[in-house]
Amino acid sequence: MANSTVGTATFIADSKRLLRLALPITVGQLAIVGMSVTDIIVAGRLSAEDLAGVTLGSSLFNLAIMLVVGIILANGPLVGQLFGAAKFDDIPRQMHSCLWLGLPLGLGSVVFLAVALALLPGLTSSQNITTICEQYLYPMLGTALLLPIMLTVRTTFEGLGKARPAMVLNIMGFFFNIFLDIALVFGYWGFPALGGAGCGWATLIVALIIVCGEFAYARVARTLTSFQLLARWHPPDRAMICETLKVGVPIGATLLAEGGFFLLIPLLIVHLGATEVGGHAIALSLDWVMYMIPLGIAQAMSVLAAHELGHHQPSAARKLCLTGLALTGTIALLQAIFVIGLRTPIASLYSPDREVQILAANLLIYAAGFRIFDAINVAANGALRGYKDTRFPALLTLLGYWGVGFPLGYSLALTDWWGPAWGVEGFWAGTVTALILIALLSAARVYRTSRLALNLTPEPGG
């Protein structure tokens with residue numbers, strides 16, 4: 001009975017720690033994803049073709065930046081371990097090295113988008129969708145350059161356990177993006193009517209505002225004064241850049257393997273018409289909103305586990321990670337119930353087109369099942385990042401999505417191997433099947449890695 005009471009108390013205490021850090025991270029991420037959702041809703045209200053064009057452009061942009069996002073996310077746990085070990089002088093050097101690294105990464109994303117623009121006419125038979133997509137992507141070239149900078153400063157704040165500044169800036173950006181989307185898409189309040197392309201220009205303006213706000217806060221905030229983040233500019237540190245790449249490339253590969261799978265779907269089904277693309281976009285955009293909650297907890301797990309490991313407290317890190325897995329799974333189950341119960345009104349919110357609504361409502365059933373197992377996988381990956389164990393998740397995700405999910409999904413969606421082709425529903429069905437396997441193996445990896453750390457890291461006084 002005493003052990004049970006202690007275990008419950010530890011679970012509650014760790015849950016509070018996780019949620020205290022995860023809440024501002026999640027709210028800030030919801031604001032960022034809310035910008036994409038706003039783009040889709042506003043474009044969908046204009047026309048089905050604008051919705052398809054913006055969706056296609058957004059998919060190409062996200063494919064271009066997935067690897068970059070993963071690499072920069074490594075900055076959070078690396079700063080967290082430096083903070084936990086009280087190596088405060090190294091924190092500015094880590095942040096600046098990551099900013100230097102972000103320059104070639106951002107340029108790489110721009111090159112990818114330039115190639116995509118050149119190949120775009122061959123991806124769709126609709127000239128109107130192609131034109132809308134091209135006009136949306138032109139301003140997103142600038143956003144691709146700003147994104148590594150924005151993420152580096154944000155993850156530095158998070159690694160220090162100070163996620164609220166980024167949350168406030170992202171919330172402000174979200175509301176400003178709503179105003180700019182409506183103004184630039186429909187031409188209200190004296191702004192030019194740019195159609196779906198207006199969403200791209202709105203995103204660029206908001207990204208620039210957020211970056212400026214982050215640097216201003218890093219320079220003047222009293223709570224950050226002792227860290228001297230911008231007191232002087234540090235040259236790139238080769239060892240820190242290599243460590244960031246060592247931890248971050250597998251994270252980026254994981255994101256690309258998973259996110260790239262869903263982002264590639266519009267390119268494979270665009271020939272089926274605007275309804276299929278629009279229905280998939282609605283289901284995916286809602287799932288991304290749901291995804292931000294487990295992702296926020298996962299990032300909190302990563303930072304707090306890094307703090308504990310920096311303090312040489314592997315047992316505390318292990319308990320925290322196992323608590324995070326249980327907490328995330330419970331929240332995901334509640335999310336799935338919510339999505340299934342309200343799938344029809346949710347679909348109608350995005351588009352007035354009846355065919356798009358029906359398809360989206362069907363796909364949201366798959367998204368509900370996907371949400372449960374994806375949340376467990378995301379939480380497990382977050383925990384493993386705290387241990388700098390990122391290669392196994394990358395390999396597992398690559399094999400799971402592309403070795404199992406893609407062949408099964410493609411054959412169900414676009415061939416008659418299993419009977420009549422399912423269309424886009426086949427891709428979702430194949431992915432859910434693969435993700436069940438991935439989630440179980442990821443959770444087992446957390447159990448193993450955290451257990452090994454108990455033997456490898458002697459605790460103080462041990």
Within a radius of less than 6.0 Å around OH of Tyr410, do more than 12 heavy atoms belonging to other residues, nucleotides or ligands occur? no
For Asp14, what residues pass the salt bridge (charged side-chain N to carboxylate O under 4.0 Å, His left out) criterion, not counting sequence neighbours? none
Taking all non-hydrogen atoms of both residues, which atom of Gly296 and which atom of Ala22 are closest, and how far apart? O-CB, 3.6 Å
Heavy atoms, side chains only, cut-off 4.5 Å: are Leu412 and Phe427 in contact? no
Using residues 370-385 as the side-chain source, report each donor-acceptor pair under 3.5 Å to any protein atom, sequence neighbours left out, with the distance given to one decimal.
from: Arg371; atom 1: NE; to: Asp287; atom 2: OD1; distance (Å): 3.1
from: Arg371; atom 1: NH1; to: Asp374; atom 2: OD2; distance (Å): 3.3
from: Arg371; atom 1: NH2; to: Asp287; atom 2: OD1; distance (Å): 3.1
from: Arg371; atom 1: NH2; to: Asp287; atom 2: OD2; distance (Å): 3.0
from: Arg371; atom 1: NH2; to: Asp374; atom 2: OD2; distance (Å): 2.9
from: Asn377; atom 1: OD1; to: Ser442; atom 2: OG; distance (Å): 2.7

In the structure I gave you, are the side-chain heavy atoms of Ile331 and Ile297 within less than 4.5 Å of one another anywhere? yes
Looking at Phe175, I'd like to know if its CZ atom is crowded, meaning that more than 12 non-hydrogen atoms belonging to other residues, nucleotides or ligands lie closer than 6.0 Å. no
Find the distance between NE2 (His96) and CD1 (Ile241) and round it off to the nearest 0.5 Å. 12.5 Å
All salt bridge (charged side-chain N to carboxylate O under 4.0 Å, His left out) counterparts of Asp90, not counting sequence neighbours: Arg93
Donor-acceptor pair, Asn75 side chain versus Thr152 backbone, under 3.5 Å? yes
Could you go through the ring-ring contact (aromatic ring centres under 6.0 Å, His included) check for Phe191 and Phe186 one step at a time? CA-CA 8 Å; Phe191 286 85; Phe186 296 104; over 10 Å; no
Nearest heavy-atom pair of Leu180 and Val206: which atoms, and what distance? CD1-CG2, 4.1 Å
Leu327 vs Leu19 side-chain heavy atoms within contact, under 4.5 Å: yes
Indicate the ring-plane relationship of Phe157 and Tyr217, choosing parallel, tilted or perpendicular according to the 30° and 60° boundaries. perpendicular
Identify every side-chain donor-acceptor pair in residues 242-253 under 3.5 Å, counting partners at least two apart or on other chains, and give the distances.
from: Glu243; atom 1: OE2; to: Lys388; atom 2: NZ; distance (Å): 3.2
from: Thr244; atom 1: OG1; to: Gln94; atom 2: NE2; distance (Å): 3.1
from: Thr244; atom 1: OG1; to: Met240; atom 2: O; distance (Å): 2.8

Are Ile210 and Phe215 close enough that some pair of their side-chain heavy atoms sits under 4.5 Å apart? no
Is it true that Arg17 and Glu308 have a side-chain N and a carboxylate O under 4.0 angstrom from each other? yes
Run the side-chain contact (heavy atoms from CB on, under 4.5 Å) test against Ile209 and tell me which residues pass, sequence neighbours left out. Phe176, Ile205
Using 0.5 Å steps for rounding, measure from the CZ atom of Arg391 to the CG atom of Leu396. 16.0 Å
Heavy-atom pair of closest approach, residues Cys321 and Val446: CB-CG1, 4.2 Å
Residue set satisfying side-chain contact (heavy atoms from CB on, under 4.5 Å) with Tyr447, at least two apart, ordered chain then number -> Arg318, Arg451
Just how far is it from atom CG of Asp181 to atom CG of Leu184, taken to the nearest 0.5 Å? 7.5 Å
Salt bridge (charged side-chain N to carboxylate O under 4.0 Å, His left out) filter on Arg154, not counting sequence neighbours, yields Glu158
Which atom pair, heavy atoms only, marks the closest approach of Leu309 to Pro314? CD2-CA, 4.1 Å
Short side-chain to backbone donor-acceptor contact, Ser411 and Pro407, under 3.5 Å: yes
OH-CG distance between Tyr401 and Leu408, expressed to the nearest 0.5 angstrom: 13.5 Å
Report the distance from atom CG of Leu320 to atom CE of Met301, rounding to the nearest 0.5 Å. 7.0 Å
Are any non-hydrogen side-chain atoms of Leu286 and Ile282 less than 4.5 angstrom apart? no
Shortest non-hydrogen contact between Leu117 and Glu134, atoms and distance: CD2-CA, 3.9 Å
For Thr328 and Pro294, work out which heavy atoms get closest and say how close. CG2-CB, 3.4 Å
Taking the side chain as C-beta and beyond, is there a heavy-atom pair between Leu295 and Thr26 under 4.5 Å? no
Do any pairs count as a salt bridge (charged side-chain N to carboxylate O under 4.0 Å, His left out) and have a residue in residues 435-450, sequence neighbours left out, and if so which ones? Asp389-Arg445
Side chain Gln335, main chain Met290, donor-acceptor under 3.5 Å: yes
Going by salt bridge (charged side-chain N to carboxylate O under 4.0 Å, His left out), name the pairs with one or both residues in residues 291-303, residues two or more places apart or in two chains. none
So Cys133 and Leu137, do their side chains get closer than 4.5 Å, heavy atoms only? yes
Could you check, using the six-membered ring where one of them is a Trp, whether Tyr136 and Phe61 have ring centers closer than 6.0 angstrom? no
When you look at Val168 and Met172, which way does the side-chain contact (heavy atoms from CB on, under 4.5 Å) test go after all the steps? CA-CA 6 Å; Val168 172; Met172 292 171 58; 4.1 Å; yes
Taking C-beta and beyond as the side chain, do Pro77 and Tyr387 meet within less than 4.5 Å on heavy atoms? no
Mind running side-chain contact (heavy atoms from CB on, under 4.5 Å) on Leu194 and Gln135 for me, showing each step along the way? CA-CA 9 Å; Leu194 302 178; Gln135 293 174 347; over 6 Å; no
Would you give me the side-chain donor-acceptor pairs under 3.5 Å for residues 100-115, sequence neighbours excluded?
from: Trp100; atom 1: NE1; to: His234; atom 2: O; distance (Å): 3.0
from: Ser109; atom 1: OG; to: Ala64; atom 2: O; distance (Å): 3.1
from: Ser109; atom 1: OG; to: Leu105; atom 2: O; distance (Å): 3.3

Any side-chain hydrogen bond (donor to acceptor under 3.5 Å, both in side chains) involving residues 201-211? Give me the pairs, sequence neighbours left out, ordered by first then second residue. none
Check side-chain hydrogen bond (donor to acceptor under 3.5 Å, both in side chains) between Glu425 and all other residues, then give those that pass, not counting sequence neighbours. Tyr366
Is there a side-chain contact (heavy atoms from CB on, under 4.5 Å) between Met150 and Leu147? Walk through the geometry before answering. CA-CA 5 Å; Met150 182 169 63; Leu147 187 67; 3.5 Å; yes
Could you state the interatomic distance from CG (Leu146) to CG (Leu151), rounded to the nearest 0.5 Å? 11.0 Å
Which is it for Phe88 and Leu82 under the side-chain contact (heavy atoms from CB on, under 4.5 Å) test, yes or no, and what are the steps along the way? CA-CA 7 Å; Phe88 301 137; Leu82 292 173; over 6 Å; no
